[in-house]
Asks: 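Below are the structure tokens for one structure; questions will follow.
Side chains are part of it too, since the values below use all heavy atoms of this structure and drop only hydrogens, waters and symmetry mates.
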Amino acid sequence: MPDTPAPQPGFPPPPSAPGSPSHLDLPFPDGSGAASAVHAIGGDTLPGGGARRGRDPQAGGGATREHAAEGGHATDGGHRPEGERVAASGSGTHGGHAAADPSATDGGRATAGESGRGGVVERGSDAGPGASGGGTRPDSGPWAGAVGRLTGLGVSQGRAAGPLIRMAAPPRLPAPRPVTDPGAEAATVVKALEAVAEDLGRRATAVRAAGAGAGESSGEAADILEALAMIADDPMLREEAEERARGGLDAAHALDAAFSGHREALAALGGYLAERAADLDDLKHRAVAFALDLPMPGLPAPGHPYVLVAEDLSPADTAGLGPDVLALITERGGPTSHTAILARGRGLPAVVACPGILDVPDGTVVGVDGTTGEVAVGLTEDEAAEVRERDRAEKARLAASSGPGRTADDHPVKLMLNVGSAADLRPGAEGVGLFRTEFLFLDRRQPPSFEEQVAAYAEVFRQAETVVVRTLDAGTDKPLPFLELPEEPNPALGVRGLRVDRLLPDVLDTQLDAIAEAARATGAQAWVMAPMVTTMGEASGFARRARAKGIATVGVMVEVPGAALRARRLLQEVDFLSIGTNDLAQYTFAADRQHPALADLLDPRQPALLELIAMCAEAGREAGKPVGVCGEAAGDPLLAPLLVGLGVTSLSMAPVCVPAVREALAGLTLRECRERARAALA
């Protein structure tokens with residue numbers, strides 16, 4: 001299952017009836033058939049950057065994509081008002097462009113940035129990537145009043161509009177000053193790091209308390225703040241900064257040098273770890289500000305709702321967002337950034353990797369579409385208010401839905417939650433489909449004790465009817481300090497997930513004991529599954545150990561093609577399968593799941609990936625055992641019916657995604673879902 005929570009449902013609403021304009025047949029990324037009402041995560045784009053547009057319920061005339069050829073050119077065959085152009089937006093493909101049908105336009109074109117996103121859309125203008133204004137306002141469409149449009153990577157669905165306010169720049173490091181008392185500078189270094197750790201710790205406590213009082217999910221945000229506090233309190237970092245101060249640097253420069261050294265080491269590892277290097281930048285800015293006797297960087301507080309814009313938001317800032325933030329836009333960042341993860345969990349529309357956004361003046365009213373990655377620049381206040389009202393009405397309508405997941409002809413599909421702790425639980429779902437236990441292990445020098453684990457698991461078990469617990473998923477892009485795993489030349493293909501057990505079997509044994517004890521103490525129906533299973537031997541060995549501990553229902557995750565190809569045999573050893581589509585796509589297409597230029601290969605609509613999912617589902621039907629999917633694909637209301645049509649029996653997702661997925665399934669019969677699946681695999 002993917003580690004990144006799925007985006008919140010927003011516009012357009014889920015399909016309601018076959019044959020309606022929202023049930024468009026769209027070509028798959030490799031051109032191998034039609035997929036009804038499915039779209040790419042983070043933006044409707046094709047390989048090479050060609051844009052695919054569906055009909056927008058707010059637009060005066062729907063623009064539908066009828067054809068797209070791999071390599072970049074896409075033709076928009078639907079009606080669009082004269083002169084309106086389409087941006088190549090959203091999924092990080094390289095060097096592509098979108099061209100509007102000449103019969104429907106006055107010859108304007110959309111350009112994309114070097115990464116296939118970042119173009120501005122304007123009527124009657126050929127503005128290049130990252131432009132932010134000019135041109136005549138389009139006379140209809142979802143952002144009819146926009147002067148110009150920017151495009152980035154949509155990472156959290158929904159729409160919002162309001163005045164843009166940029167984060168204040170970090171403190172500037174002054175020129176080095178002569179040091180007469182190295183001991184005093186070293187003492188300032190220690191005080192600065194302690195102040196940062198204490199500040200983040202206080203904020204974590206406040207976030208937990210505020211979330212508990214409001215019934216909101218705060219566990220993940222507080223966990224991130226606490227993890228950052230531990231980094232600031234790291235003895236190695238402190239010792240290095242002290243050493244540099246005693247060597248003659250003033251406190252601010254000693255801190256800057258120590259953090260920079262750690263950042264370079266992290267960035268050199270690439271992928272997810274390189275994205276985490278930005279976390280160190282935020283901590284450095286806070287510590288340097290303290291050393292210079294300046295206020296620590298923080299969020300704007302204008303006293304009214306606003307759209308927050310930054311070069312890249314730190315996890316500390318993202319975790320502390322208040323209710324006055326309507327949406328997030330960053331110039332940098334990626335789909336695995338903390339900005340993306342927490343925005344999805346909170347249901348905030350978010351666009352990252354949006355070139356040119358920092359050139360838009362503060363106070364400019366912008367519209368944000370977290371599904372397509374489009375940012376409309378220069379709306380009027382009335383237009384912004386209308387966007388907000390429509391989004392509120394849509395969210396309220398979806399939130400009013402309830403009941404179990406079912407198709408229109410009453411075929412049951414369990415809708416479950418992805419959680420990291422009890423704080424993430426919400427009513428309205430049918431249990432927990434993914435309990436990510438690694439949040440309990442993050443940034444610890446010693447593993448959590450047996451008693452500590454029992455308490456954490458029992459807290460979740462007491463509040464959910466069924467809980468699927470994933471054993472520790474660590475290694476490679478999720479390093480845990482206490483594991484002390486050796487460096488690897490290609491860690492994504494190395495020791496991760498269940499493979500950690502080869503080196504440290506005691507970790508898994510303790511965890512299985514704690515899960516079993518928590519289930520006994522609460523009387524819960526606890527299922528357990530192992531991540532990164534690749535062979536029959538691994539599956540059978542894990543199943544024997546778990547059952548010997550007293551855990552009755554044991555499964556494995558399907559994250560590599562080898563496991564999918566052996567799904568029938570795996571189900572002779574275990575009781576269920578859970579498909580992690582992010583990793584399964586990564587290994588099927590040899591495409592790093594963190595690489596923004598390969599997003600088209602990681603699109604869950606890829607036929608090869610769908611065939612592997614179908615193999616697992618068919619094996620489950622034959623064995624009479626459940627096969628589920630969780631994460632991005634499961635939480636997408638346009639993709640969920642397709643997965644059900646393939647034979648998936650449960651979908652697990654972020655809590656905010658449940659209402660839209662429930663409604664999408666309720667609008668289709670099982671036969672219609674299967675027809676979509678057949679078309680997708682044609």
Asks: Would a distance-only check, ignoring hydrogens and angles, find a side-chain to backbone donor-acceptor pair under 3.5 Å from Q606 to A585?
Replies: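 Between the backbone of A585 and the side chain of Q606 there is no qualifying donor-acceptor contact (under 3.5 Å).
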Asks: Search all heavy atoms of L668 against all heavy atoms of P641 and return the closest pair with its distance.
Replies: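 Closest approach of L668 to P641: CD1-CB, 3.6 Å.
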Asks: Within a strict 4.5 Å, meaning less than it, do heavy atoms of the L584 and L612 side chains meet?
Replies: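 Counting from C-beta outward, L584 and L612 do come under 4.5 Å.
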Asks: Check whether the side chains of T553 and D575 place a donor and an acceptor atom closer than 3.5 Å, and report yes or no.
Replies: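 Checked: T553/D575 side chains show no N/O donor-acceptor pair below 3.5 Å.
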Asks: Begin with the C-alpha distance, continue with both residues' side-chain angles, and end with the deciding distance and a verdict on side-chain contact (heavy atoms from CB on, under 4.5 Å) for V413 and V648.
Replies: CA-CA 8 Å; V413 182; V648 167; 5.9 Å; no
Asks: Taking side chain to side chain donor-acceptor pair (under 3.5 Å) as the test, write out the residues that go with E573, two or more places apart.
Replies: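 In terms of side chain to side chain donor-acceptor pair (under 3.5 Å), with neighbours along the sequence ignored, E573 is linked to no residue.
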Asks: Indicate the atoms forming the closest heavy-atom contact of G428 with V658, along with that distance.
Replies: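 The answer is O-CG1, 4.0 Å.
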Asks: Listing request: all salt bridge (charged side-chain N to carboxylate O under 4.0 Å, His left out) pairs with a residue in residues 408-421, at least two apart in sequence or in separate chains.
Replies: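 Every salt bridge (charged side-chain N to carboxylate O under 4.0 Å, His left out) pair that includes a residue of residues 408-421, provided the two are not neighbours, is R406-D410.
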Asks: Go through the side-chain N and O atoms of E452 and Y457 and say whether any donor and acceptor fall under 3.5 Å apart.
Replies: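 E452 vs Y457: no donor-acceptor pair found between side chains.
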Asks: Just by modelled atom types, is the P448 backbone N or O under 3.5 Å from a matching donor or acceptor in the Q453 side chain?
Replies: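 Judged by distance alone, yes, a pair lies under 3.5 Å.
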Asks: About how many Å separate CG of L643 and CG of D636, when rounded to the nearest 0.5 Å?
Replies: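 Here the interatomic distance stands at 9.0 Å.
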Asks: Atom CD1 in I579, atom CE in M557: separation rounded to 0.5 Å?
Replies: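 Answer for the CD1-CE pair, I579 versus M557, is 9.5 Å.
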Asks: Test P659 against every option in S402, P637, S401 by the side chain to side chain contact (heavy atoms under 4.5 Å, CB included) rule and name the one that passes.
Replies: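 Result for side chain to side chain contact (heavy atoms under 4.5 Å, CB included) with P659: S401.
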Asks: So P349 and D369, do their side chains get closer than 4.5 Å, heavy atoms only?
Replies: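 No. Closest side-chain heavy atoms not under 4.5 Å.
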Asks: How far apart are the closest heavy atoms of T581 and C630, and which atoms are they?
Replies: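 Result for this residue pair: OG1-O, 4.3 Å.
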Asks: Under 4.5 Å between any side-chain heavy atoms of M615 and L565, yes or no?
Replies: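 M615 vs L565: side chains touch.
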Asks: Taking salt bridge (Lys or Arg N to Asp or Glu O under 4.0 Å) as the test, write out the residues that go with R545, two or more places apart.
Replies: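 Per chain and number, R545 pairs via salt bridge (Lys or Arg N to Asp or Glu O under 4.0 Å) with D501, D509.
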Asks: Please examine the side chains of L398 and K395, heavy atoms only from C-beta on, and report whether any two atoms are closer than 4.5 Å.
Replies: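 Not in contact.
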Asks: Does any part of the side chain of L681, heavy atoms only, come nearer than 4.5 Å to the side chain of E611, both counted from C-beta?
Replies: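 With C-beta onward as the side chain, the pair touches.
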Asks: E538: which residues meet the side chain to side chain donor-acceptor pair (under 3.5 Å) condition with it, sequence neighbours left out?
Replies: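 With sequence neighbours excluded, E538 shows a side chain to side chain donor-acceptor pair (under 3.5 Å) to R502, T534, given in chain and number order.
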Asks: If a pair satisfies salt bridge (charged side-chain N to carboxylate O under 4.0 Å, His left out) and one of its residues is in residues 510-524, list it, with sequence neighbours excluded.
Replies: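 For residues 510-524, and leaving out neighbouring residues, the salt bridge (charged side-chain N to carboxylate O under 4.0 Å, His left out) pairs sorted by first residue read D513-K549, E517-R520.
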Asks: List the atom of N418, the atom of S652, and the distance in Å for their closest heavy-atom pair.
Replies: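 Reported closest heavy-atom pair: OD1-OG, 2.7 Å.
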Asks: Got a second to check how far L512's CG is from I551's CD1, nearest 0.5 Å?
Replies: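 If I round to the nearest 0.5 Å, the distance is 5.0 Å.
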Asks: Check whether R566 reaches the backbone of T535 with its side chain - one donor and one acceptor, N or O, closer than 3.5 Å.
Replies: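 Not confirmed, R566 side chain does not pair with T535 backbone.
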Asks: Let me confirm one number: the CG-CG distance from L665 to L651, rounded to the nearest 0.5 Å.
Replies: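 One finds 6.5 Å between CG of L665 and CG of L651.
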Asks: Could you work out, with side chain to side chain donor-acceptor pair (under 3.5 Å) as the rule, every residue matching T522, not counting sequence neighbours?
Replies: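 With sequence neighbours excluded, T522 shows a side chain to side chain donor-acceptor pair (under 3.5 Å) to no residue whatsoever.
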Asks: Identify the two heavy atoms, one from L646 and one from R621, that lie closest to each other, and give their separation to 0.1 Å.
Replies: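 Distance-wise, the nearest heavy atoms are O-NH1, 3.4 Å.
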Asks: Applying side chain to side chain donor-acceptor pair (under 3.5 Å), can you list everything that pairs with Q572, at least two apart in sequence or on another chain?
Replies: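 Q572: side chain to side chain donor-acceptor pair (under 3.5 Å) contacts with R569.
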Asks: Whether the side chain of E559 engages the backbone of M532 through a donor-acceptor N/O pair (distance < 3.5 Å, no angle test) should be reported.
Replies: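 It does hold such a pair.
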Asks: Using the salt bridge (Lys or Arg N to Asp or Glu O under 4.0 Å) criterion, which residues pair with D506? Sequence neighbours excluded.
Replies: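 In terms of salt bridge (Lys or Arg N to Asp or Glu O under 4.0 Å), with neighbours along the sequence ignored, D506 is linked to no residue.
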Asks: For R568, enumerate each residue passing the salt bridge (Lys or Arg N to Asp or Glu O under 4.0 Å) test, keeping only those at least two apart in sequence or located in another chain.
Replies: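 Salt bridge (Lys or Arg N to Asp or Glu O under 4.0 Å) check on R568 returns E622.
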Asks: Scan the side chains in residues 461-469 for donor-acceptor partners under 3.5 Å anywhere in the protein, sequence neighbours excluded, and list what turns up.
Replies:
residue	atom	partner	partner atom	Å
Q463	NE2	E459	O	3.2
T466	OG1	Q525	OE1	3.4

Asks: Mind listing the closest non-hydrogen atom pair of S650 and M416 along with its distance?
Replies: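 Minimum heavy-atom separation between S650 and M416: CB-SD, 4.3 Å.
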Asks: Tell me every residue that passes salt bridge (Lys or Arg N to Asp or Glu O under 4.0 Å) with R544, counting only those two or more places apart in sequence or in another chain.
Replies: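 With neighbours one apart ignored, the set is empty.
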Asks: Is any side-chain heavy atom of T471 closer than 4.5 Å to one of F542?
Replies: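 The answer is yes, as the side chains (C-beta and beyond) meet within the 4.5 Å cut-off.
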Asks: Report the residues that fulfil ring pair (Phe, Tyr, Trp, His ring centres under 6.0 Å) with F589, sequence neighbours left out, ordered by chain and then residue number.
Replies: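 For F589 there are no ring pair (Phe, Tyr, Trp, His ring centres under 6.0 Å) partners, ignoring immediate neighbours.
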Asks: Between V644 and L670, is any pair of side-chain heavy atoms under 4.5 Å apart?
Replies: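 They are in contact (side-chain heavy atoms under 4.5 Å apart), so the answer is yes.
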Asks: Between T649 and V627, is there a donor-acceptor pair closer than 3.5 Å when you use the side chain of the first and the backbone of the second?
Replies: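 Yes, T649 side chain to V627 backbone: donor-acceptor pair under 3.5 Å.
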Asks: In Å and rounded to the nearest 0.5 Å, what is the CG to CG distance from L472 to L440?
Replies: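 Answer rounded to 0.5 Å: 9.5 Å.
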Asks: Roughly how far apart are D473 CG and T437 OG1, rounded to 0.5 Å?
Replies: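 D473 atom CG to T437 atom OG1 measures 8.0 Å (nearest 0.5 Å).
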Asks: Indicate yes or no: does E672 engage R676 in a salt bridge with an N to O separation below 4.0 Å.
Replies: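 Salt bridge flag = no for R676 with E672.
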Asks: How about R470 and F435: do any of their side-chain heavy atoms sit closer than 4.5 Å?
Replies: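 Side chain of R470 against side chain of F435, heavy atoms only: no contact under 4.5 Å found.
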